[in-house]
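Comments concern the structure below.
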Amino acid sequence: MPPKKEKESKAAIAAKASKGGGKAKKKKWSKGKTRDKLNNQCMFNKTAYDKLMKEVPSYKLITPAIVSDRLQIRGSLARRAIRELQDKGLIVPVVKHSKMAIYTRATAAKEEGEE
């Protein structure tokens with residue numbers, strides 16, 4: 001019978017692995033960037049509607065994307081809300097394009113008209 005080999009310690013095995021040109025680990029492919037799913041409301045509740053009426057007319061730049069993001073509501077609901085604010089005279093349109101509507105607060109427009 002051949003003599004028994006002594007077991008190597010973990011440190012010795014690690015040193016051997018780092019020294020030698022053994023097989024390299026295979027590259028792991030990333031799963032890609034993941035985006036958090038938005039859970040926006042499709043109808044107004046009392047607090048969101050009050051916030052719309054109080055805060056949105058004071059914004060300098062008002063777009064459906066900004067309203068949707070800040071109030072956590074759907075884009076279609078944001079467009080309807082902006083239309084309602086415009087009908088009440090709280091905001092005025094700057095650019096009204098089929099793809100993008102940009103509004104601003106009504107007080108700035110009134111001051112310019114008076115001068």
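These figures come from a predicted structure and were not determined experimentally. Note: hydrogens, waters and symmetry copies are ignored here, and every other heavy atom, side chains too, is used.
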**Report entry** From CG (L52) to OG1 (T47), nearest 0.5 Å
**Finding:** 11.5 Å
Requested in this report: Decide salt bridge (charged side-chain N to carboxylate O under 4.0 Å, His left out) for E84 and R80; before the verdict, give the C-alpha distance in whole Å, the side-chain angles of both, and the deciding distance to 0.1 Å.
Outcome: CA-CA 6 Å; E84 185 181 327; R80 291 273 177 103; over 6 Å; no
**Report entry** Candidate pair K88 and M53, rule side-chain contact (heavy atoms from CB on, under 4.5 Å), full reasoning
**Finding:** CA-CA 10 Å; K88 289 184 177 182; M53 290 303 181; 3.3 Å; yes
Query raised in the report: When rounded to the nearest 0.5 angstrom, what distance separates CD in Q72 from CG in N39?
Result: 9.0 Å
Query raised in the report: Do side-chain atoms of R105 reach the backbone of P57 as a donor and acceptor pair under 3.5 angstrom?
Result: no
Report summary line: Output for pair (R35 CZ, K33 NZ), nearest 0.5 Å, gives 12.5 Å
Query raised in the report: For V56 and L71, what are the C-alpha separation, side-chain angles and deciding distance, and is it a side-chain contact (heavy atoms from CB on, under 4.5 Å)?
Result: CA-CA 9 Å; V56 174; L71 298 180; 4.2 Å; yes
Query raised in the report: Between A106 and G89, what is the shortest heavy-atom contact and its length?
Result: CB-O, 3.4 Å
Requested in this report: Using a cut-off of 6.0 Å, state whether more than 12 heavy atoms not belonging to M100 lie near its atom CE.
Outcome: yes
Query raised in the report: Nearest heavy-atom pair of A48 and Q41: which atoms, and what distance?
Result: CB-OE1, 4.1 Å
Query raised in the report: Side chain of T104, backbone of K60: donor and acceptor closer than 3.5 Å?
Result: yes
Query raised in the report: Stepwise, does the side-chain contact (heavy atoms from CB on, under 4.5 Å) test hold for L77 with F44?
Result: CA-CA 8 Å; L77 188 61; F44 274 118; 3.8 Å; yes
Requested in this report: Could you state whether V67 and M43 fall into the same hydrophobic cluster, counting links through intermediate Ile, Leu, Val, Met, Phe, Trp or Tyr residues with side-chain heavy atoms under 4.5 angstrom apart?
Outcome: no
Query raised in the report: Rounded to the nearest 0.5 Å, how far does CD1 of I82 lie from CD1 of I102?
Result: 10.5 Å
Report summary line: In this structure, CD of Q86 is separated from CD1 of I62 (nearest 0.5 Å) by 10.5 Å
Query raised in the report: OH of Y59 to CD1 of I66: how many Å apart, nearest 0.5 Å?
Result: 8.5 Å
**Report entry** D50 with K46: basic N within carboxylate O range, under 4.0 Å
**Finding:** yes
Query raised in the report: When you look at S68 and N40, which way does the side-chain contact (heavy atoms from CB on, under 4.5 Å) test go after all the steps?
Result: CA-CA 8 Å; S68 172; N40 290 346; 3.9 Å; yes
Requested in this report: State yes or no: do V95 and L85 share one hydrophobic cluster built from I, L, V, M, F, W and Y residues joined by side-chain heavy-atom distances below 4.5 Å, directly or via other members?
Outcome: yes
